[in-house]
Every structure is written in C-alpha cells, then in structure tokens.
Amino acid sequence: MAEPPPAGRIPGPAERPRPAAHTGPAEPAGFTEPTGLAGRLRTLRTGLRVYGLIATMWMRSTMTYRASFAMTALANLAATSFDFAVILLMFTHVDTLAGYRLPEIALLYGAAATAFGLADLTMGSMDRLGRRVRDGTLDTLLVRPAPVLAQVAADRFALRRLGRITQGLLVLGYALVTLDIAWTPLKAAMVAMMPLSGAVIFAALFVAGAAFQFIAQDAAEVQNSFTYGGNTLLQYPPTVFAKDLVRGVTFVVPLAFVNWLPALHVLGQPYPLDLPRWLAFTPPLVAALCCALAGAAWRAGLRTYRSTGS
C-alpha cells in the first residue's frame with residue numbers, strides 16, 4: 001500500500017485519488033415540460049409535431065393492407081349506423097318524439113356523431129392509459145424527449161374510425177336538406193361550429209378521463225360513460241330527459257354545448273332550462289375552458305405517477 005505524500009508536497013498524477021467508476025445505467029433525459037407562456041407554446045408545437053409523426057406511422061402501417069382497411073372502415077360505418085336505425089324504427093310508429101320531428105332529431109344526431117367521431121379519431125386511444133399504468137409501459141413514454149400526452153393520444157391511431165365521422169356527416173347532410181329553416185349567415189356558422197367545438201369538448205373529456213386513470217388505474221369504463229355515453233345522450237332531444245340530468249350536462253359536464261344549445265337555437269326550439277339565448281353562441285369558449293381544465297388535470301395526474309415499482 002502506497003504511503004501518503006509528505007505534508008506540503010503536491011501529490012503527483014499517480015498519487016491522486018481517482019473518482020469511482022460509474023457502473024449504473026445513464027440517467028434518461030426524458031421530456032421536461034417548460035413553464036411560462038412561451039414554454040407552453042413550444043410544448044404545443046412539439047406535441048403536434050410528435051402526434052403527426054406517430055399518427056403518420058400508424059396510417060402507413062394501416063394502408064399496407066388496403067383491403068383490410070376498407071373492410072374495417074365499412075364495418076365501423078355499418079356498426080355506428082345502427083344507432084340512427086333505431087331512431088328510424090321509432091318514427092315508423094310515431095310522428096314526433098318529445099315534440100321533435102325526425103329531421104330535427106337528425107340534426108342533433110348528426111352534429112353529435114360527427115363531433116364525437118372527430119374526437120374519437122384523434123384522442124380515442126386515451127382510454128388505454130389505465131392499462132399502461134398497470135403494466136408499466138407508460139415508463140417507456142416518459143423517457144422519450146416528447147410530450148407524453150401526444151404519444152398516448154397518437155398511439156394506435158385508427159383510420160377505421162373515419163366510418164363514424166362519415167355516418168355522422170351523412171345524417172347531418174340529410175337533416176340540413178330536409179329541414180325547413182330560414183337560413184342566415186349566423187345560423188349557417190353555428191351549424192359548422194357544432195362539430196368542431198363539440199369535438200374539442202369531447203377531446204377534453206378523453207384527456208380528463210385519462211388523467212383520472214392515473215389514480216384509479218382501471219377506470220376506462222368510467223371514462224367511456226362520459227364520452228360514448230355522452231354521445232348517445234346528445235343524439236336525442238333534451239325534452240326526453242329529466243331536468244336534473246339536463247342541468248348536470250349543462251353546468252357540471254358541459255355536453256349540452258356540443259349540440260343541444262346551438263342546435264335548438266337554429267331550430268327555434270326552447271331549451272328545457274330557463275337560460276339566456278346568448279349561451280347558444282358560447283360553445284367555442286366552453287371548449288377552450290374544457291381544454292384548460294383537462295390540461296391542468298393531465299399535468300396533475302402525470303405528477304402523481306410513480307411507476308409500478310419494478
């Protein structure tokens with residue numbers, strides 16, 4: 001064993017202690033979400049780019065088997081058409097349903113189905129988050145230098161969901177051709193607004209439901225009750241349901257802003273609740289608020305994630 005150098009003398013290179021060798025794996029960089037408005041905007045741009053790249057990858061994979069894609073898209077179109085077929089069967093026995101004729105209900109149905117179809121196409125994979133939390137595969141997304149939300153949303157991007165959007169647009173087109181409405185530029189803009197703002201509201205529900213799965217871990221069906229269940233609810237006029245339920249989907253979970261409030265304004269029908277008429281013009285603002293709340297819930301849920309411990 002070498003003796004220490006005398007006091008006052010600077011040790012030579014061979015005598016200097018060497019740092020211990022690092023034997024563990026390299027620390028993953030992952031993605032650190034920046035703060036501030038500029039940082040949020042950069043994160044949004046990065047997320048959209050990552051989402052586009054992942055979605056393009058899945059679309060290229062899907063189009064490798066074009067015949068299979070065509071069959072699954074047609075099957076999706078046929079399966080979602082059964083909902084409207086049930087409404088058609090009802091109108092073979094009645095002339096109106098809770099004071100609404102078939103073309104009026106078709107407007108509600110088409111707007112809700114199209115909005116939900118757009119959200120399901122872009123964010124429908126969010127309900128798989130609970131499975132990723134349980135089996136630990138979410139960890140592989142955390143170590144990548146990309147926003148986790150964009151990765152989860154674009155995972156297994158399914159073009160077959162275009163069938164639902166097509167079916168909703170067909171019913172919406174039938175309603176617009178059949179209805180006798182005194183059209184104005186404002187009413188036309190409201191009809192065009194409904195699927196877009198409604199899709200954003202449904203997408204926010206997908207994200208908020210996924211954030212809840214960070215805690216519950218097995219709550220996909222709870223999320224589906226608000227997304228898929230909400231879509232089915234909005235396909236019928238609000239006068240069919242009890243006022244307490246209408247209040248809940250107006251003030252608690254704002255599904256009524258997807259189609260009920262703007263569509264009833266276009267149709268000239270009264271809303272079951274005594275609300276100001278100007279609320280029919282607020283779906284874009286409600287959609288923006290839902291996005292802000294869903295984003296806050298997602299960030300809070302992601303901060304609570306502690307992996308599987310393995």
Side-chain angles (χ1 to χ4, degrees), residues 80 83-84 86-91 94-120 168 171-172 175 179 181 186-187 190-209 212 221-294 297:
T80 55
D83 292 338
F84 191 66
V86 171
I87 297 176
L88 292 176
L89 287 175
M90 284 193 296
F91 275 93
V94 298
D95 294 328
T96 61
L97 178 63
Y100 286 76
R101 298 179 294 111
L102 176 60
E104 294 173 327
I105 292 182
L107 178 65
L108 297 175
Y109 180 98
T114 305
F116 180 75
L118 290 170
D120 190 38
V171 176
L172 183 60
L179 283 171
I181 299 176
L186 183 58
K187 288 183 178 181
M190 292 184 72
V191 171
M193 171 196 70
M194 281 191 290
L196 300 178
S197 59
V200 176
I201 293 174
F202 273 123
L205 288 178
F206 273 111
V207 175
F212 178 66
E221 295 305 321
V222 176
Q223 175 181 337
N224 292 341
S225 66
F226 290 97
T227 52
Y228 289 88
N231 174 46
T232 303
L233 175 79
L234 297 177
Q235 293 170 0
Y236 295 89
T239 49
V240 173
F241 307 100
K243 284 192 175 181
D244 288 338
L245 179 60
V246 176
R247 290 190 186 96
V249 297
T250 303
F251 302 111
V252 182
V253 182
L255 291 171
F257 292 87
V258 173
N259 65 340
W260 278 356
L261 284 167
L264 266 58
H265 178 81
V266 172
L267 296 173
Q269 293 276 13
Y271 196 65
L273 305 180
D274 188 15
L275 297 177
R277 300 290 292 179
W278 56 265
L279 282 178
F281 303 93
T282 59
L285 299 178
V286 173
L289 178 61
C290 288
C291 284
L293 294 176

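Fair warning: this is a prediction, and the values are worked out from it, not measured in the lab.
When all heavy atoms of Val258 and Gly198 are compared, the closest pair comes out as CG1-CA, 3.8 Å. Looking at every heavy atom in both residues, Ile87 comes nearest to Gln235 through CD1-O, 4.2 Å. Shortest non-hydrogen contact noted between Pro238 and Tyr100 is CD-OH, 4.3 Å. Contact record, Leu172 with Pro195: CD2-CG, 4.4 Å, taken as the closest heavy-atom pair. Taking every heavy atom of both residues into account, Val240 and Ala98 meet most closely at CG2-CB, 3.7 Å. In this structure, Ala119 and Phe202 approach most closely via the heavy-atom pair CB-CB, 3.5 Å.
The shortest side-chain heavy-atom distance between Thr250 and Pro254 does not fall under the 4.5 Å cut-off. Taking the side chain as every heavy atom from C-beta outward, Met193 and Pro262 approach each other to under 4.5 Å. At least one side-chain heavy atom of Trp260 sits less than 4.5 Å from a side-chain heavy atom of Leu233. Residues Leu234 and Leu108 form no side-chain contact, since every pair of their non-hydrogen atoms from C-beta on lies 4.5 Å or further apart. Side-chain atoms of Val286 and Ser197, non-hydrogen and from C-beta on, never get closer than 4.5 Å to each other. Taking the side chain as every heavy atom from C-beta outward, Val200 and Cys291 approach each other to under 4.5 Å. A 4.5 Å side-chain heavy-atom check between Arg247 and Leu273 finds at least one atom pair inside the cut-off. The shortest side-chain heavy-atom distance between Leu267 and Leu179 falls under the 4.5 Å cut-off.
The structure places CG of Leu275 at 6.5 Å from CG of Leu261, a figure rounded to the nearest 0.5 Å. Taken from CZ in Phe212 to CD in Gln223, the straight-line distance is 10.5 Å, to the nearest 0.5 Å. For the atom pair Leu88 CG and Tyr109 OH, the distance stands at 9.5 Å (nearest 0.5 Å). Residue Phe91 holds its CZ atom at 5.0 Å from CG of Leu102, rounded to the nearest 0.5 Å. For the atom pair CE of Met194 and CG of Leu107, the computed distance is 4.5 Å after rounding to the nearest 0.5 Å. Expressed to the nearest 0.5 Å, how far OH of Tyr236 lies from CG of Leu97 amounts to 8.0 Å.
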Should Tyr271 and His265 be marked as a ring-ring contact (aromatic ring centres under 6.0 Å, His included) after you check the CA-CA gap, both sets of side-chain angles, and the distance that decides it? CA-CA 8 Å; Tyr271 196 65; His265 178 81; over 10 Å; no

Audit row: Leu285, Leu289, side chain to side chain contact (heavy atoms under 4.5 Å, CB included) steps and yes/no: CA-CA 6 Å; Leu285 299 178; Leu289 178 61; over 6 Å; no

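For Leu89, the side chain to side chain contact (heavy atoms under 4.5 Å, CB included) criterion is met by no residue, not counting sequence neighbours. Taking the side chain to side chain contact (heavy atoms under 4.5 Å, CB included) definition, one finds that Phe226 meets it with Val222, Val253, sequence neighbours left out. Scored by the side chain to side chain contact (heavy atoms under 4.5 Å, CB included) test, Tyr228 finds Phe116, Asp120, Arg164, Asn224 as partners (sequence neighbours excluded).
With hydrogens and angles disregarded, no donor-acceptor distance shorter than 3.5 Å links the side chain of Thr96 to the backbone of Arg101. In terms of modelled atom types and a separation under 3.5 Å, the side chain of Thr114 and the main chain of Ala111 share no donor-acceptor contact.
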